[in-house]
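Below you'll find the structure, written out as C-alpha cells, and then a few comments.
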Amino acid sequence: MTAPRTTPTSAPRRGTPLRLQRPVYDVCIVGSGAGGGMAAYMLSKAGANVVLLEAGPEWYSTRDATMLRWNYDSPRRGASTPDRPFGEFDGCIGGWDIEGEPYTRAEGTKFDWWRARMLGGRTNHWGRISLRFGPDDFRGKSRDGLGEDWPIGYDDLASYYDRIDRLIGIFGSREGLPNHPDGIFQPPPRPRCYELLVKDACDQLGVTCISSRLSILTKPLEGRTSCHYCGQCNRGCAVNANFSSPGVLIAPALKTGHLKLVTNAMAREVTTDASGLATGVSYIDKNTGADEHVRARVVVLAASACESARLLLNSRSSRFPDGLANSSGVVGKYLTDTTGTDVAGFIPKMMDHVPHNEDGVGGMHVYMPWWVDNRKLDFPRGYHIEVWGGLGMPSYGFMGGIQRYPTGGGYGKSLKEDYRRYYGATIGFSGRGEMIPNEDSYCDIDPNTVDKWGIPVLRFHWKWSEHEHLQVKHMQETFRALIAEMGGEVFDPMPGPEDGYGIAPGGRIIHELGTTRMGRDPGSSVVNEYCQAHEVKNLFITDGGPFVSQADKNPTWTILALSMRASEYIADQGGR
Ligand SMILES: Cc1cc2nc3c(=O)[nH]c(=O)nc-3n(C[C@H](O)[C@H](O)[C@H](O)COP(=O)(O)OP(=O)(O)OC[C@H]3O[C@@H](n4cnc5c(N)ncnc54)[C@H](O)[C@@H]3O)c2cc1C
Ligand code: SF4
C-alpha cells in the first residue's frame, strides 16, 4: 500500500474535534480469528498500516495455555466454567451464552450460537481438521440442481491452499482422491491401536479410511518446533506446534510494525460517508465503556459469519436503510451449519488391555472422507467421519455412564476395577456433513432486544430439510455397522424420524457459514469473488460469511484461503 501512514490526512486545525485528528489507517479489520488473523498477516506484510479490533482480551498459547496442567491440580478437576464450556483448561474463552450478549430464536427454532471472545477467536481450541474443498464442492447446483454454484472454482483457490499448507503446516497422506485434494503434507502420525481396529472395520465395509489432515507440525517449520504428542491441542499449544491465529499469524504480523492491535474493542457498526464508502468502524472500549471510532480507507469484517452480518444489519443510514451492503436483502440469509450426529459403542476386545503408550496429537490420526456415489442414495451431497476413543487424560465426568457397561456399575472397589477394565474400550464416530442452504435458515435483527451496550442482537430462524435428515440417518446406520463389525455394542438405540435421526440442532457443530454469500449478481449476493461488497467497494468480508455452500469438509482451511486471496487483492488494489 502506498497510502499515508498513521497520521491525519491533513494537519489538525485549531478547534478540530479530537475524533478528526485521529489517524486514518489503510485497513481496519474486525475480528482476529481465522479470517481476521490471515488478513492482518497478509496486509501488514504487504506494508499496509492495519488496525485490528478484537472484542476479547489478548491471549497467546505460548504464554497463556495450560497445556501441561494435571486435572487434579484443580479443585474443579477440569470441569467446565461459564466462559469455558469445554472445560476449565480449554483454550477458548466464550461459549453458547455470554453474559450481557444475548441472541434470540424465532418461535420453533432450535439454534445455538457459539462465540469466542479472545484474540484468535475459535482458532485457539478448534480441532485443526484442515480440509481443502474439492472441485465438486464449488459447483453443487450444476451437479444436483440444489443451492447455488460458487462464482469461483477449486483452481482459483488451489495456489492459496498450497501457500497456507506451507505457511501454517499440515500433516496428511497423499491419496489422489478426486474430491478430496491432497495438500503439501508433513508426515502423518501412525494410527493408534483403536484406530487400527477402525481401519480394519472400514476396509471390511468398503469405507475409505485414511490419515487425518490436521494443522499440527510433525516437523519443525519456520522457527516453530514440532509436536511432542501430549494430546492437549484443545488447551492451546504452549510450544506453538499447532495452528492458532495469534501464534502463527498475528505474532508475525505484529513484528512488521504495521499492525496495531486494539483488544476488548466491541465493534458496533461500519460508518460510511455521503458517497456510500466505508470510513471506519465505531466500537465500544470494553475497558471503559466509552464509544470510540477508528478511521480507515478499507474495512475488513471477520467477526465470524453471523457477527459480521449483525454488524452490517446494524450499520443503517438513509443511504442504506436495510443495513450496509444489503440492497439485495441477502445479508443474514442462507445461513448453514454442518450436519452432525454421534454414535459411541463399547468394544469388548479393547477392555482389560495391556497398558501401552497411546500418545499422539490432540485429535484423530485417521478419518473417513466421503466415499459413496450419490446416485445410489436418497440424499444429496455427503459427509466425513471423525473418530474418537482411546486413553485420554481423565477429568471431571470421566467415564460417565459406566452403568451401561456389562457389569452395570457398582460401588467402591468393584467400581474402581470397572473403570480400569473399561478405560479405553469405547470408540465413537461423529458424522460431519453438507447442509443445503434454504430460505428458512437465516438470522436477522431482533427488534426488541439489545445487548449490554445497547446494540441490537441477532434473532435466528432455522429449519433442517429432509435432505439433512436422510443424510444423518445414513451416518447413524454406517456408524452402527462399523461398531458391529468391530464386535462392539452401541450404547443408544437408533433414533427415529421424529428425532431427525439424531441430528444435532443447528449451530451445534460450530461451522456456521453463509449470511453474506458471494456471487456475480449483486441482486442475489452480498460480495463478489474477492469477498468485496458489491455496493461498498472498500468493504470486504473474510470470515465464513461469503461461503455459497458448505461441503462435506470442515470450513476453516477455505476461510483462510479466501481471506488470503481477498487480502492480496486489497493490497494489489491499494498499491495501484
Ligand atoms: C470446538 C470447535 C472445534 C472446531 N473444529 C474445527 C475443525 O477441526 N476444523 C475446522 O475447519 N473448523 C473447526 N471449527 C470451526 C473454526 O473454529 C471456525 O471455522 C473458524 O475459527 C472461523 O473463523 P472466523 O475468523 O470466521 O471466526 P472466529 O475464529 O470465531 O473469530 C472471530 C473473532 O471475532 C471477534 N469478534 C466477534 N464479534 C466482534 C465484534 N463485534 N467486534 C470485534 N471483534 C469481534 C471474536 O472475539 C473472535 O476473536 C471448530 C470450532 C470449535 C468451536
Ligand atoms: S499434541 Fe502437539 S500440537 Fe497438540 S498441544 Fe501437544 S505438543 Fe502441541
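All of these numbers come straight from a predicted model, not from anything done at the bench. In what follows, residues are counted from 1 in the order of the sequence shown. In listed order, ligands and their atoms are each counted from 1.
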Have a look at ligand 1 and work out which part of A267, if any, has a heavy atom under 4.0 Å from it: side chain, backbone, both or neither. both

Region of S245 that comes within reach of ligand 1 [heavy atoms, distance under 4.0 Å]: neither

So the atoms of ligand 1 within less than 4.0 Å of a heavy atom of R117 turn out to be 37 (C), 38 (N), 46 (C), 47 (O)

The answer for which part of I129 has a heavy atom under 4.0 Å from ligand 1 is both

Atom indices of ligand 2 within 4.0 angstrom of M67 heavy atoms, with elements: 5 (S)

Closest approach of any protein heavy atom to atom 15 (C) of ligand 1, naming residue and atom: I510 O, 3.6 Å

Is C230 close enough to atom 2 (Fe) of ligand 2 that one of its N, O or S atoms comes in under 2.8 Å? no

Below 4.0 angstrom from a heavy atom of A302, which ligand 1 atoms are there? Numbered from 1 as shown, please. 32 (C), 34 (O)

Nearest to atom 2 (Fe) of ligand 2, what protein heavy atom do you find, and at what distance? C227 SG, 2.3 Å

Can you name the nearest heavy-atom pair linking M266 to K286, along with the distance? CB-CD, 4.0 Å

Run down the list P555, A265, A303, G31 and name the one with the heavy atom closest to atom 43 (C) of ligand 1. A265

In the protein, what heavy atom is nearest to atom 23 (O) of ligand 1, and what distance, to one decimal place, separates them? A34 CB, 3.5 Å

Ring centroids only, cut at 6.0 angstrom: are H293 and Y283 within range, meaning strictly under it? no

Could you check whether any side-chain heavy atom of Y161 comes within less than 4.5 Å of a side-chain heavy atom of R163, counting everything from C-beta outward? no

Heavy-atom neighbours of W70 CH2 exceed 12 at 6.0 Å: no

Contact partition for I559 relative to ligand 1, non-hydrogen atoms under 4.0 Å: side chain

Checking ring pair (Phe, Tyr, Trp, His ring centres under 6.0 Å) against F547, which of W150, Y334, F138 comes through? W150

Looking at S32, which atoms of ligand 1 are within less than 4.0 Å of one of its heavy atoms? 33 (C), 49 (O)

If you take all heavy atoms of H180 and D552, which pair is closest and at what distance? CE1-OD1, 3.6 Å

Which ligand 1 atoms, with their elements, are less than 4.0 angstrom from a heavy-atom of L53? 43 (C), 44 (N)

Test of understanding: given a 4.0 Å heavy-atom threshold, classify the contact between R122 and ligand 1 as side chain, backbone, both, or neither. both

Below 4.0 Å, non-hydrogen atoms only: which portion of M118 touches ligand 1? Side chain, backbone, both or neither. backbone

Quick one: are P57 and T263 in side-chain contact, heavy atoms under 4.5 Å? no

What is the minimum heavy-atom distance between H365 and E195, and which atoms define it? N-OE2, 2.8 Å

Identity and separation of the nearest protein heavy atom to atom 8 (Fe) of ligand 2: C237 SG, 2.3 Å

Heavy atoms of L311 and E269 approach each other most closely as CD2-N, 3.9 Å

What residue and heavy atom of the protein are closest to atom 16 (C) of ligand 1, and at what distance? T556 OG1, 3.3 Å

Determine, step by step, whether E88 and S74 satisfy the side chain to side chain donor-acceptor pair (under 3.5 Å) criterion, reporting the C-alpha distance in whole Å, the side-chain angles of both residues, the deciding distance to 0.1 Å, and the verdict. CA-CA 9 Å; E88 69 177 306; S74 157; 2.6 Å; yes

Among C233, S308, G127, which one puts a heavy atom closest to atom 5 (N) of ligand 1? G127

Within the 4.0 Å heavy-atom cut-off, what R128 brings close to ligand 1 is backbone

Under 4.0 Å from one or more heavy atoms of G362, ligand 2 contributes atoms 1 (S)

The side chain to side chain contact (heavy atoms under 4.5 Å, CB included) partner of Q186 among I216, I170, D165, T218 is T218

If you take the nearest heavy atom of each of H125, R310, R268, E54, which one is closest to atom 49 (O) of ligand 1? E54

Tell me: protein heavy atom nearest atom 1 (S) of ligand 2, and distance? G231 N, 3.2 Å

For the side chain of T515 and the backbone of A305, is there at least one donor-acceptor N/O pair under 3.5 Å apart? yes

Within-4.5 Å side-chain heavy-atom neighbours: V248 and N240: yes

Please list the nearest protein heavy atom to atom 45 (C) of ligand 1 with its residue and the distance rounded to 0.1 Å. A55 CB, 3.5 Å

Distance under 4.0 Å to a non-hydrogen atom of M266: what atoms of ligand 1 satisfy this? 41 (N), 42 (N)

Closest heavy-atom approach to atom 46 (C) of ligand 1 among G121, A116, G363 is made by A116

Take a 6.0 Å sphere around CD of E175 and say whether it holds more than 12 heavy atoms from other residues, nucleotides or ligands. yes

Could you find the nearest protein heavy atom to atom 4 (Fe) of ligand 2 and give me its residue, atom name and distance? C233 SG, 2.3 Å

Under 4.0 Å from a heavy atom of I216: give me the atoms of ligand 2 that qualify, with their elements. 3 (S)

Please name the pair of heavy atoms, one in T66 and one in R235, separated by the smallest distance, quoted to 0.1 Å. O-NH1, 2.9 Å

Numbering as shown, the atoms of ligand 1 that approach D543 to under 4.0 Å (heavy-atom distance): 26 (O)

Using a 4.0 Å cut-off to any heavy atom of G35, which atoms of ligand 1 qualify? 25 (O)

R132 with D137: basic N within carboxylate O range, under 4.0 Å: no

Does the separation of the ring centres of Y103 and F460 fall below 6.0 angstrom? yes

Logged contact type for R235 with ligand 2, heavy-atom cut-off 4.0 Å, is neither

